[in-house]
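A short write-up of the structure that comes next.
Counting convention: from 1, in listed order, for ligands and their atoms alike. Heads up: numbering here begins at 1 and tracks the sequence.
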Amino acid sequence: MKTNTFEKDVLTGLQSNPKRLYSKYFYDDKGSAIFQQIMHMPEYYLPGCETEILRLRAKDIIRKLPHKSYDVIELGAGDGSKTALFLDPLVREKEKVSYIPLDISPEILSVNEKIMEEKLPGLCVKPIAGDYFETLKNISSGKNPKIILFLGSNIGNFEGEKALDFIRFVKSFMRKGDHLMLGVDLKKHPRTILAAYDDPAGITKKFNINLLERINRELDGNFNTAGFDHYASYDPLSGATKSFLISKAAQEVRVAGQTITFHPYEPIHMEISQKYSLQDLDQIRLKAGFKKDHHFTDSKAYFSISLFEV
Ligand code: AVJ
């Protein structure tokens with residue numbers, strides 16, 4: 001990611017009303033390490049539920065995938081350790097499987113390759129580093145049917161209609177018989193959701209504050225991070241979970257040569273983690289023009305792996 005895009009997004013966001021920063025910038029080295037801690041928090045139920053589905057339902061998912069060969073393309077693949085739970089039975093069932101992990105970080109892709117080599121020796125792995133808005137273009141020419149994976153509730157970070165726009169964009173690279181496999185966090189008791197984004201140990205707060213520190217490090221900022229508190233909200237009507245940093249007092253902050261003024265209790269909107277019902281997902285599937293869908297949920301029905309067929 002180019003620094004000047006980061007600078008432009010940060011300045012535009014902080015000069016808007018309401019103020020806004022983008023969660024895609026959470027994941028520098030420090031932020032990625034804090035996210036690993038989040039994944040291990042007892043309140044953050046998402047990874048456990050998704051893993052349960054991959055462990056217990058992979059065979060049922062594969063039963064909906066009729067072809068003999070597949071190219072499995074994973075968006076934002078990370079280290080792929082969870083994906084291996086799906087690839088393992090897929091490789092056993094099918095004649096030929098290729099795995100194409102896409103990620104912004106070349107370092108994490110080499111970890112991914114090592115993990116696959118260890119867990120699934122012989123699997124053909126062709127990683128592509130870069131922004132998947134760019135790199136998806138490279139995969140549309142393959143002749144095997146495709147399974148496009150977008151796991152981990154990453155779809156939740158798209159605000160409102162942007163999720164549908166993104167799914168339509170992905171579909172534009174797909175052909176008849178291809179499948180999109182989405183990991184989606186479902187609407188559930190508001191308190192369960194809120195606890196996942198408002199942990200008592202303050203790890204989620206650290207995750208948000210790290211973006212201010214990153215701005216200090218990379219954009220010559222002087223945020224006094226002690227002047228901000230973290231606040232999370234969940235709206236059971238819309239399913240939107242939002243994270244904010246709240247300015248505890250009136251203050252001025254310098255960023256990349258500009259002065260940003262905060263009023264007392266003024267929020268910066270940091271992140272949206274949208275929750276969906278299975279009915280919401282059916283609507284999206286219809287609007288995006290997919291033929292069919294199947295939902296595979298964990299035993300608590302907290303999370304769904306949803307398969308959309310072109
Ligand atoms: C990685 C986008 C799925 O929204 O749940 C975790 C990021 N933010 N805690 C999410 C996150 C706060 C996470 N996703």
re atom 12 (C) of ligand 1, the protein heavy-atom contact at minimum distance is Glu271 OE1, 3.3 Å
For the residue pair Ser243 and His230, confirm or rule out a side-chain donor-acceptor distance under 3.5 Å.
-> yes
ask   = Should Gly152 be listed as contacting ligand 1, given a heavy-atom distance under 4.0 Å as the test?
value = yes
Heavy-atom donor-acceptor pair, Arg20 side chain to His269 backbone, under 3.5 Å: yes
Assess the pair Phe26 and Tyr22: is the distance between their ring centroids shorter than 6.0 Å? no
Of Tyr27, Phe158, Tyr44, Phe35, the residue with the heavy atom nearest atom 10 (C) of ligand 1 is Tyr44
Going by the 4.0 angstrom heavy-atom rule, the piece of Phe26 near ligand 1 is neither
Rounding to 0.5 Å, atoms OG (Ser81) and CE (Met116) come to a distance of 7.5 Å
Note: heavy atom closest to atom 14 (N) of ligand 1, options Thr241, Asn154, Asp198, Ile38, belongs to Asn154
Margin query: Is there a polar contact, in the sense of an N or O pair closer than 3.5 Å, between Ser273 and ligand 1?
Written below: yes
Closest to atom 2 (C) of ligand 1 among protein heavy atoms sits Asn157 OD1, 3.0 Å
Would you say the side-chain atoms of Tyr44 and Asp199 include a donor-acceptor pair closer than 3.5 Å? no
Exercise for review: For Glu52 and Ser299, test the side chains for any donor-to-acceptor distance below 3.5 angstrom and give the result as yes or no.
Suggested key: yes
